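To start, the structure under review is shown below, and the notes come after it.
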Amino acid sequence: MSATIEIRSAPHVKGGYSVEKIMRHVVYSLLPVCAFFVFQYGISALASMVVITATCLLTERFFVRTGTQSGSISDFSATITGLLLALSVPPGFPLWMGVVTGFIAIALGKALFGGIGFNVFNPALVGRAFAQAAFPTAIASYTASFLPGRFTEFIPSSLAWPLMIPPETAEWLKLKQLDALAGATPLGQWKFEGIVASAVDLMTSLGGHMAVGPSPLLIIACGAYLASRRFMDWRIPAAVISSAGLVASVLYAYNPSHFPNPLFTLFSGGLMLGAIYMATDMVTSPVTSRGVWIYGGLIGLLTVVIRYFSGLPEGVMYAILFANAAMPLIERISQPAVFGAVATKKARRSAAFSLETPASTLRESKDVVIPIKVVSNNQPPKS
Amino acid sequence: MSTEIPVSVSKTTPTVAMVRTLGLVSAVCGLIIVGAYQSTFDAVADNKRIALERAVFKVIPAAKSIVEFLVLPGGAIEKKVGASDTAVGALKFYAAYDDTGKLAGIAAEGSAKGYADSVRLLYGYSPDCQCIVGVGVVSMRETPGIGDKILVDKAYLKNFVALDVKLNAELSALANEVKTVKHGTKTNPWQIDAIAGATITSRAVGRAINDSAQALLPKLVPGLDKIRSKP
Amino acid sequence: MSLLSYFSGEAFERGVHPASCKFTAGQSIKRMPFARRLVVPLLQHIGKPARSIVRPGQEVVRGELIAEADGWMSVPHHAPATGVVEAIELRPTARGPWAQAIVIRVHEAATQEVLWSQPRDMSALAPAEIIKAVQETGMVGLGGAAFPSHIKMAVPEGASVHTLVVNGCECEPYLTCDHRMMVEHARDLMEGIRHVMRATGVARTVIGVEDNKMDAVLALRAAVPAGAPIFVQDVPTKYPQGAEKMLIMALFGVEVPAGKLPLSMGLVVLNVGTLAFLGRLLPEGKGLTERVVTVTGPGVARPGDYRMPLGTPLSFVLDYAGAPAESRQVILGGPMMGQAIASLETPVTKGVSGILVLRKEEMTARAAEKLYPCIKCGECVQACPMGLNPSTLGMLAAKREYSVMGENYHLGDCFECGCCTYVCPSNIPLVQQFRVAKQILREKAAA
Amino acid sequence: MTTAVQARNFDEFMEGIWRQNPVFIMVLGMCPTLAVTVSAVNALSMGVATSFVLICSCALVSLMRNVTPKEVRIAVYIVIIATFVTVVDYAIQAISLALYDALGAFIQLIVVNCIILGRAEAHAAKNPPITSMINAAGMGIGFTIGLLSLGVVREILGAGTLFGVSLFGANFQPWVIMVLPPGGFFVLGSWLLLFSWWARRKEVAKNV
Amino acid sequence: MSETAFQIFVNALLANNFVLAMFLGLCPFLGVSGRLDTAFPMGLATTFVMLVASLCAFGLNLLLGHLHLEFLRLISYIVIIASAVQLVEMVMKKYSPVLFRALGIYLPLITTNCAVLGVALFQTAREYDFVQAMTFSFGGGAGFTLALVLMASVRERLQLSNVPDVVQGTALSLMLAGILSLSFMGFAGLGG
Ligand SMILES: Cc1cc2nc3c(=O)[nH]c(=O)nc-3n(C[C@H](O)[C@H](O)[C@H](O)COP(=O)(O)O)c2cc1C
Ligand SMILES: Cc1cc2nc3c(=O)[nH]c(=O)nc-3n(C[C@H](O)[C@H](O)[C@H](O)COP(=O)(O)O)c2cc1C
Ligand SMILES: Cc1cc2nc3c(=O)[nH]c(=O)nc-3n(C[C@H](O)[C@H](O)[C@H](O)COP(=O)(O)O)c2cc1C
Ligand SMILES: Cc1cc2nc3c(=O)[nH]c(=O)nc-3n(C[C@H](O)[C@H](O)[C@H](O)CO)c2cc1C
Ligand code: SF4
Ligand code: SF4
Ligand code: SF4
Ligand code: SF4
Ligand code: FES
């Protein structure tokens, strides 16, 4: 019997979390968001999602097979990358560009560093930033949501020939008699035309033919599910949103005619998707408690600064990538304090006992012999 | 470049030798440089002149020759002579004349912040129609393929066939500010229809023209008659 | 980190909540019969091994001194049963390497009664004499660390102590021996506290018990002699509440400075089992010949807390408690910190508080867990009660950067509670790596 | 005898092109390499300009090697290099202002290109003029090849053209990133990846 | 058209970061970004040298313009900047050994690199006045330091990763620089 014994060192029990489980639940929580996106934009969005996710998975498989990176496609992380990437590009993004972007996301954003866990930058955002720099026109070309016939007809740009410029969607939109809303995003409308969309419409994404992503409220709800089950660190979105909200409020109070109201800023563009699903990518965010707050705060601040003051209407992606780059530095300055490292001057108020010698408790009793004075040395004499 | 400086030298060379070598090198190099400078001087000057002429001719199609002028802060217009420093606050412009020596148009520079850096451009002003008749870029660092569409986009260049920059009644400012509007929403002759996808650069062009014209034209127009014919 | 725990004032920060699995908490302590042979290793504690004073072939009586303390950092051992010394030879031990042990063949008709004792009048003894008496009992910490108790009680020159902290947390899942001791032997515990208070000169005693053992809290409160400065305090249930620094945090709200002992704050920490046994042994003048051990786990048919002669081989314990043959892993101690053993011939020693048997099912489940690179989820950072960064430590360990771990990341402060490994979704054997790293650093320092 | 000299000269020449290629192997002079290679023409011009400075400076440094005291040698090299850079600067202005604008400050920055100072110090200062010119020419060509291999890729992907000739027709979607700064980093990085992958493959093949 | 000092600073620091957008000072950026302990002092030292260079170039440009000797600009910039840095180094060694120990060892490495000469050439080309020139060189130095420090901290972190063998080395640094450069593109247009 002793021959069959197995040795493994402590601890011998495990908590109930595993990488696959966490990732799987993130995919579950993304499904409603994706479904809504498809509901908004029809088969183009669906095709884009399928193509991009498939590319990510194939690329991951290729690099795992060739031994370049660790992990496997069954850990679902590449699925998350694909879905988030698809949610963050326009629904009519040409499918061939989707393939390029998905490949870059995994190859450059993940495999290059050795695969899951080792990447410094958020892979989906590396892919998207590459696409934004490579195909800036296509990635800024949104179409309006809830177009009639969206479930039977592709947005023309989706089916562009590989390597070729996608056809203009303007003509196509004219056919739909919707040329007045040629697909400027609310942020673009604000930045270039000074039009501030209603925050309520933005929250629900249901305000008619708007060029927006899935409803921020839906994203918050799905994120809340993840946070409540501890699959996601709630502090990061909390930090991002409060820092962005704070900066936006201060600027709004300073000059309400020049800056949009904070609610517009919070619910427009990709801020919610970024704060809840992208900034929270654990691999690329700090592990330390203070670090998490600094990281989230930095993202919120940079997002607002880029949106309000730079040439681009949207800055969430760049803010997160920059914070990813700063993550090792942030972690370095926010290492946790070792228990007992800082001499605690004051005891916690909630403590039941004080360390002061409790003179009042010195009461004689029959059963217990109470020493009269404190013994200072009770070691037996050395022999 | 690593210029490793020997800290301790075991055997020091006499100072004379060092000075001698440095002198020799300086002499040789001085000769080479001066030679190169002299031999290319004319070609470079020619190149620069040709480049300037080409730029001006491009924005004022009828032009055949140009003269450089300054508008002094007081409003006086005088011909620019030599490479001397321009007086503070003076505005530079080029008057272009046709082959008969008649004023064909005015060219001036403007600049504004674009997507990546400032966009510097040269625009041609026609006193006859009181409008901008051409725009060319002097320098920019806009994104190739996006921002640099302002050079080639046909629909965009149509904006500058006759962009209205009339002065108001008091001749103190433009009657209507030059303004860049979102692609497809141009309604007035003083508006610029932006390029979709390059709104930022398009607006920089509009701002550059507006800022420069607002400063130059109110001073230039009253004195236009003085330069009607080639000096 | 859940939102709730962020705002609720917990006893100490971080830590984990493993399933408690304390199935044996409701059963009273049972006796375990003698095995045919008992094996008494000469070193069962931190310190120097005892010196054997018996020869092979010699008859010994239960409770008789068979090995004497070799100096101050050592404790004596007493015969756990009446029988014949069969051999003094190398035997497998819980600590891993084989070590010198006295093997006693138990007489068939041996009784459980301790036949060898020297009753003494405790109230006549001076503090130093009490401490000498503690050493003579052969007592070491029964909480798991097996540190000689008399050394803890001896207040060094210049220092002073004011409070005795009694550790009744028993935060390890599965284990219930301390719990049962508190319920069934509260009076012995009070007696032990009384002697140790006199020996150390402390003014009061605080007993900390996790709030999942309220029956023990009530039993102890009922047993506190009227007016005595002995306080029974329930503390939140959370692993590792039983670690002395965490317990002190819960009770007094202060952190024991890193690298310092509780003594530096005027505290002496002892386990309930230690004190309860002392309460019995000291007046009777007996030595420690048995202890209470929880035998439990999914692989055990008749789990329970057993009063067990020291030296009982595990094979005997498992047979008696009904552990089926396909049991695959036997752990001395609890599941979080306990040690898996290689040989079932290993005897129960003074530091063994639990015997946990896991079946093949649990083993295959563990073996199937896939190892991933650290995904930097930060769970370990939020679990480490010592405020370390196991994530970075783990990555450093994987690259063999041991000295960086020690110098920049406080490896030395890790007390190997295992919280980090417990939570890690990537299944990285963090604490295991840290043990290796510490070992390597120690060897380097020694070299 | 002559063949031996020829062989040595050939070695000297090939050194910079392959074994010690400044771009791919030594990774020197990165700033111009990445900054000006948005098109093949720019890359070629920069390569030629640098080669010119390299060859002339090495020749002069080598000529003066026996009268240059150790203490002032760096100063001498710098002055010599700066001289030829100034010459090139004016020459390009005379040839084409458009090219001059495209290459920007990087012509003048040839002065600080480590390749040149490195060659001057490591080779020209110790060898006769002809040898060091051959060596410098090899380096210059190696550098030009490096620049071209970047310029070609960046131009093809970034504009769909090669030396200004359209390759894929008017509808080609340019990959703007290739002519932006990140594109420069990625293309050079990819070349290096390709080489190290190749080297590794050869090594594996050898071991098998 | 004249940019404010603040715009110049922000541009040189972020939007047109010297290293990541203008490709200046890549050799030290790739060479000295392996460890944070050296990267930060290197950044400081470079910033310092850039300030010195900018100062020298400003004075020298006035002088050369006055003498109509513009064709000697490049050669005199490089000689004067190199000598000034040497001089500063000697002064520092004599009067502030602490500062010298922290920065001095880096100075010979950077007497002239692209960033240092570049700052001089660009400020001349853009006809900056004194204040503009100094903010430009300070912003450029700060931008260089920022890029270097970010790069170094990321590379240090990657020491603990399983970066594939083929990628290790310069290729990895370049790819990282590319991604960093991508993430700095968001700042385009910030300085104005
Ligand atoms: C890499 C990159 C380069 C860009 N370059 C330019 C540019 O040169 N000029 C410009 O106006 N916008 C540039 N943009 C900005 C976007 O194209 C921006 O969305 C657009 O100018 C405004 O959108 P709209 O014109 O469709 O309203 C660039 C964006 C990116 C990501
Ligand atoms: C080398 C060493 C010396 C110790 N010295 C003392 C001591 O002088 N006084 C004391 O009260 N405890 C002492 N201890 C015991 C510790 O306080 C602690 O109880 C023991 O290490 C077991 O801790 P644990 O049960 O929390 O793991 C010592 C422990 C070690 C390892
Ligand atoms: C992680 C950890 C958990 C512990 N849990 C307990 C416990 O639950 N009960 C206990 O009595 N001692 C526990 N200990 C040991 C205590 O720290 C301390 O050493 C002991 O209470 C001292 O009493 P003793 O010397 O009488 O055993 C634990 C130690 C560590 C490091
Ligand atoms: C809460 C959460 C958020 C995630 N967000 C992203 C993301 O934004 N982009 C991405 O590529 N992967 C994301 N992942 C998947 C995975 O962590 C990521 O691909 C790793 O960076 C791979 O090493 C996420 C995973 C979790 C658990
Ligand atoms: S210039 Fe300096 S930093 Fe660059 S490669 Fe040469 S020695 Fe290294
Ligand atoms: S084993 Fe060490 S590192 Fe891990 S949680 Fe416990 S104290 Fe922290
Ligand atoms: S951690 Fe090391 S030193 Fe501390 S008790 Fe365990 S084995 Fe001993
Ligand atoms: S728990 Fe595991 S995976 Fe998570 S940070 Fe810690 S070591 Fe990494
Ligand atoms: S080439 Fe620019 S620093 Fe070396």
Side-chain angles (χ1 to χ4, degrees), chain D residues 23-37 74-90 104-115 117 176-177 180-201 203, chain E residues 16-31 70-79 81-83 86 108 110-122 124-126 164-185 188:
Chain D
V23 174
F24 295 126
I25 311 291
M26 312 221 293
V27 203
L28 288 177
M30 281 299 104
C31 303
T33 305
L34 293 172
V36 304
T37 51
I74 301 287
V76 169
Y77 304 157
I78 289 182
V79 169
I80 291 176
I81 296 169
T83 303
F84 288 108
V85 172
T86 310
V87 170
V88 164
D89 191 58
Y90 281 111
F106 286 93
I107 298 172
Q108 301 189 23
L109 287 175
I110 294 176
V111 177
V112 285
N113 194 324
C114 328
I115 301 168
L117 196 68
V176 181
I177 189 173
L180 297 177
F185 289 116
F186 289 143
V187 174
L188 182 55
S190 306
W191 274 117
L192 293 184
L193 271 184
L194 192 70
F195 288 144
S196 79
W197 173 77
W198 185 253
R200 194 154 299 264
R201 239 181 63 137
E203 213 166 90
Chain E
N16 286 323
N17 185 281
F18 259 48
V19 185
L20 298 172
M22 309 240 290
F23 292 122
L24 292 173
L26 284 177
C27 299
F29 177 69
L30 295 176
E70 280 91 353
F71 55 87
L72 285 183
R73 190 179 280 146
L74 182 64
I75 200 165
S76 47
Y77 273 12
I78 185 109
V79 170
I81 292 172
S83 328
Q86 288 266 299
I110 40 177
T111 321
T112 48
N113 68 27
C114 298
V116 173
L117 188 62
V119 83
L121 293 175
F122 275 101
T124 315
R126 296 184 189 179
D165 288 348
V166 265
V167 186
Q168 291 285 11
T170 318
L172 179 66
S173 303
L174 284 166
M175 291 303 200
L176 273 180
I179 300 178
L180 264 184
S181 169
L182 266 184
S183 48
F184 268 64
M185 284 182 61

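Naming: A, B, ... by sequence-line order, numbering from 1 per chain. Only a predicted model underlies this, so the values are computations on that prediction, with no experimental measurement involved.
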Is it the backbone or the side chain of D:Thr33 that comes under 4.5 Å from a heavy atom of chain E, or both, or neither?
-> neither
From E:Gln168 CD over to D:Leu193 CG, what is the distance, rounded to the nearest 0.5 angstrom?
-> 11.0 Å
Side chain, backbone, both or neither: which part of D:Ala75 has an atom under 4.5 Å from a heavy atom of chain E?
-> neither
On a heavy-atom basis, the closest approach of D:Phe186 and E:Gly178 is CZ-C, 3.5 Å
Between CD1 on residue E:Ile81 and CD1 on residue D:Ile78, distance to nearest 0.5 Å | 10.5 Å
Heavy-atom pair with the smallest gap, counting every atom of D:Cys114 and E:Cys27 = SG-SG, 3.9 Å
Side chains of D:Phe185 and E:Leu176: closer than 4.5 Å at any heavy-atom pair?
-> no
Chain D contact via E:Leu117 - side chain, backbone, both or neither, heavy atoms under 4.5 Å = both
Measuring heavy-atom distances to chain D, does E:Ala125 have an atom under 4.5 Å in its side chain, in its backbone, in both, or in neither?
-> neither
Heavy-atom side-chain proximity of E:Met185 to D:Pro181 below 4.5 angstrom = no
Rounded to the nearest 0.5 angstrom, the CE-CG distance for E:Met22 and D:Leu34 is 14.5 Å
Given the rule in the side-chain contact (heavy atoms from CB on, under 4.5 Å) test, do E:Leu24 and D:Phe106 qualify, once you have shown the distances and angles that lead to the verdict?
-> CA-CA 9 Å; E:Leu24 292 173; D:Phe106 286 93; 3.9 Å; yes
Taking all non-hydrogen atoms of both residues into account, name the closest pair between E:Leu74 and D:Ala82 and its distance.
-> CD2-O, 4.0 Å
At their closest point, which heavy atom of E:Ile75 faces which heavy atom of D:Val79, and how far apart are they?
-> CD1-O, 3.6 Å
Pairwise distance CG(E:Leu172) to CG(D:Leu192) - rounded to 0.5 angstrom = 11.0 Å
Contact check, side chains of D:Val112 and E:Ile78, non-hydrogen atoms, under 4.5 Å = yes
Donor-acceptor pair, D:Ser196 side chain versus E:Val166 backbone, under 3.5 Å?
-> yes
Closest non-hydrogen atom pair, E:Cys114 against D:Cys31 | SG-SG, 3.4 Å
Closest non-hydrogen atoms of D:Leu109 and E:Gly118, given as atom of the first, atom of the second and distance, are CD2-N, 3.7 Å
Would you mind checking which part of E:Leu30 comes under 4.5 Å of any heavy atom in chain D, side chain (CB onward), backbone (N, CA, C, O), both or neither?
-> side chain
Going by heavy atoms in the side chains, are E:Arg73 and D:Thr86 under 4.5 Å from each other?
-> no
E:Val19 versus chain D, the contacting section by heavy-atom distance below 4.5 Å | backbone
Rounded to the nearest 0.5 Å, how far apart are CZ of E:Phe29 and CE of D:Met30?
-> 13.0 Å
Any chance CZ of D:Arg201 has more than 12 other-residue heavy atoms, nucleotides or ligands included, within less than 6.0 Å?
-> no
Heavy-atom proximity to chain D below 4.5 Å, by part of E:Phe71 = both
